[in-house]
Amino acid sequence: MKKKLIALLVVLILIPGWVSAQQAYFIDGYHGGIYGHYPVGQTAFIALKLRQNPDWHVNLEIEPESWDVVKQRDPEGYTAFKRLFKDQSVETGRIEYVNPTYAQSYFFGTSGESTIRQFEYGMQLIRKHFPEAVFTTYSAEEPCFTSCLPTILKSFGFSYASTKNPNTMWGGYVNAYGGELVNWVGPDGTKLLTVPRYACENLSPNSTWTSVASYNSKEYIRKCLAAGIGNPVGMCIQDAAWSHGWDNGPWLGRDTSAYYTPTAYKTWRDYIRNCSVGTTTDDWHATQEDFLPGLMWGTQVMQRLATEVRTSENAIVQAEKMAAYGRLYKGMEWPAERIDGGWRTLLLSQHHDCWIVPYNNLKDNKNWAETVTDWTASTNRISREVIREAFGLMTEKGQTAVRVYNTLATERDELVSVEVPGAWASDKWVVADRKGKTYPAQLVTENGHTRLFFRAQVPSAGYASYALRKAEPAKTNGPRITQNADGTYLLESDLYALVIDPSRGGIIRSLKSAKARGYEYVDRMDERSFNEMRGYFVDEGRFISSTEQPAKVRIVEQGPCLPLLR
């Protein structure tokens, strides 16, 4: 009897339909836009595929400016998509906008203020086209992450995030950590419920740009289940480029033997709220070291782009603050249109494609890097105009003093400069503060422009005034630079005496400390020299030293303000 019961039990277990495999989930959708890639007809294509596949869900990160263009060139597709987008409920909605930033920036190379504005301006434009839009989960197809995101996302009303980017890891990725859900903890302690790149989510075999989560393979899901992830999810946000081969609609396709089943397509908010465990006690204290960029093309050009972008970031914020001063003190009309225009081109200059493919052509026979220069130049021009207008309003008629503004929230004690008439170059000058205390000033003429440099102490978010006065010539205690008879240069200050030999590639012959009784720091060496560069050149078949060529010495600046740089 016992054997019969066991046999019956085995038969019941093996009957088809009586056993259900663990459910898995997949995040599908589209990435791109008119600056990256968004062919004519893409919107109609997405709407068509949604109608053809009623169980399919899409997660979007489309550049917001794209909708202005789509509305004009594909009005039928635009209208059809708007109808589908209108349902934003968690249970029945099939479209979630997961990256509403203005230009899908990588974030790790820009300021926190830029990150905020990427969301502010992007969400504003998206709501212009889709008033019903609800922003619940942040996710990105490329590594558009930074450690401060929990705080910023929470401030914009986001509830969730994901740090996966399984199919575009050539641009970088986030460190693997945790299981089904983690609490992503920002630097200020803000927590955001997040689907991480699982600790078990490795790179794909023979690949450095995809992870095993990009296709919900059987091996991936089994690995997740073995790691205790009861509701595993994979992801691939496709390129919006149906005319370039990305034309299958649902990413996993119709061949269910090629991936794990059962797999259900979901929006991120539906998966996290209704399909995942929903909560966790695993706090992930991510730092900036957990975000690993992998930009492999054009190191030099990216350094230049970073400089251009940071210059514009400083300029537009400074313009906003000076406009605020102008409005506060003189009732200046707020230059909203110009400020918005300055931010627009700056945000576009932070587009991830500027960094991942800087040499690819974008428009008007210019590549991304050249277009960044155009965009940041526009931001700089607008910033200068706004600042000039604010200065004009706040400058009193007949004013002879120089007013120095500090737009930072911290007190500053630094060198400043003001352009003065070239005729001033023949005189010596000092500046005096409101208490009558005088400070040395230095005139520098270059390219036909004469600037007066002096040290200014300015309170936070305020200004200080300085009067310009002629001064009698006086011996300075600043650094002295002289050329010796043997062609070497002697640089002396109250701290050091330095001898440079240009005939031997600019080596340092001597470095003595005045504070250490003339101690000589340069060792006497017969073969090698201090400040020498030397390396083996294969084509020459020998070591080559910088001492073999003379160096050119140029005195860039010398005067009473140099000691103030310490």
Side-chain angles (χ1 to χ4, degrees), residues 25-34 36-104 118-141 153 156-162 195 233 235-242 246-251 264-276:
Y25 303 92
F26 197 78
I27 301 300
D28 202 350
Y30 288 99
H31 151 94
I34 57 169
H37 38 74
Y38 201 86
V40 176
Q42 179 70 43
T43 307
F45 169 80
I46 298 174
L48 173 64
K49 291 299 179 180
L50 280 166
R51 291 194 298 269
Q52 291 176 343
N53 300 274
D55 294 327
W56 188 43
H57 296 67
V58 295
N59 298 265
L60 292 181
E61 56 164 352
I62 303 298
E63 299 155 11
E65 282 194 16
S66 303
W67 304 113
D68 291 336
V69 176
V70 171
K71 185 177 181 180
Q72 294 295 321
R73 72 185 187 188
D74 184 13
E76 293 184 3
Y78 176 83
T79 301
F81 186 79
K82 278 178 66 75
R83 284 197 298 266
L84 292 166
F85 189 97
K86 194 169 185 178
D87 184 358
Q88 289 287 286
S89 69
V90 177
E91 286 74 20
T92 60
R94 299 173 61 199
I95 303 173
E96 181 178 2
Y97 224 115
V98 294
N99 185 354
T101 57
Y102 204 87
Q104 300 168 7
Q118 285 281 357
F119 283 95
E120 178 187 2
Y121 282 97
M123 293 165 69
Q124 184 181 66
L125 184 50
I126 290 169
R127 286 190 171 120
K128 172 186 170 184
H129 292 276
F130 308 104
E132 305 85 3
V134 177
F135 302 104
T136 310
T137 314
Y138 178 75
S139 177
E141 188 248 3
L153 291 170
F156 279 107
F158 284 78
S159 301
Y160 315 122
S162 172
V195 179
V233 62
M235 170 183 157
C236 174
I237 299 183
Q238 309 175 46
D239 276 3
W242 68 272
W246 297 73
D247 56 359
N248 56 313
W251 174 248
Y265 291 103
K266 292 290 180 179
T267 60
W268 267 126
R269 59 179 164 227
D270 186 14
Y271 166 77
I272 296 173
R273 189 173 298 179
N274 297 322
C275 307
S276 74

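Keep in mind that this is a model prediction, so the values were computed, not measured. All heavy atoms count here, side chains included; hydrogens, waters and symmetry mates do not.
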Distance from [X] atom [atom1] to [Y] atom [atom2], nearest 0.5 Å?
X: Asn248; Y: Gln238; atom1: CG; atom2: CD; result: 5.0 Å
X: Thr136; Y: Ile272; atom1: OG1; atom2: CD1; result: 9.5 Å
X: Gln42; Y: Asp74; atom1: CD; atom2: CG; result: 10.0 Å
X: Thr267; Y: Ile27; atom1: OG1; atom2: CD1; result: 7.0 Å
X: Phe81; Y: Leu60; atom1: CZ; atom2: CG; result: 4.5 Å
X: His129; Y: Lys71; atom1: NE2; atom2: NZ; result: 6.5 Å

May I ask you to check whether Tyr138 and Phe156 place their ring centers less than 6.0 Å from one another? no
**Report entry** Pair Phe158 + Trp268: ring centers closer than 6.0 Å
**Finding:**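 They do not qualify: ring centres at least 6.0 Å apart.
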Given side chains that start at C-beta, do those of [X] and [Y] come closer than 4.5 Å, heavy atoms only?
X: Leu125; Y: Trp67; result: no
X: Arg127; Y: Phe135; result: yes
X: Thr137; Y: Asn59; result: no
X: His57; Y: Ile95; result: no
X: Phe85; Y: Tyr97; result: yes

Which of Glu61, Glu141, Gln104 passes side-chain hydrogen bond (donor to acceptor under 3.5 Å, both in side chains) with Asn99? It is Glu61
Practice problem: Report yes or no: do Ser139 and Tyr160 form a side-chain donor-acceptor pair below 3.5 Å? | Solution: no
- Query: In terms of side-chain heavy atoms, does Tyr102 have a donor or acceptor partner in Glu65 at a distance below 3.5 Å?
  - Reply: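 Looking only at side-chain atoms, Glu65 and Tyr102 do form a donor-acceptor pair, the distance falling under 3.5 Å.
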Heavy-atom closest pair (Asp28 atom, Gly249 atom, distance to 0.1 Å) is OD2-O, 4.0 Å
Exercise. Classify the ring geometry between Phe45 and Trp242 as parallel (under 30°), tilted (30 to 60°) or perpendicular (over 60°).
Key: parallel
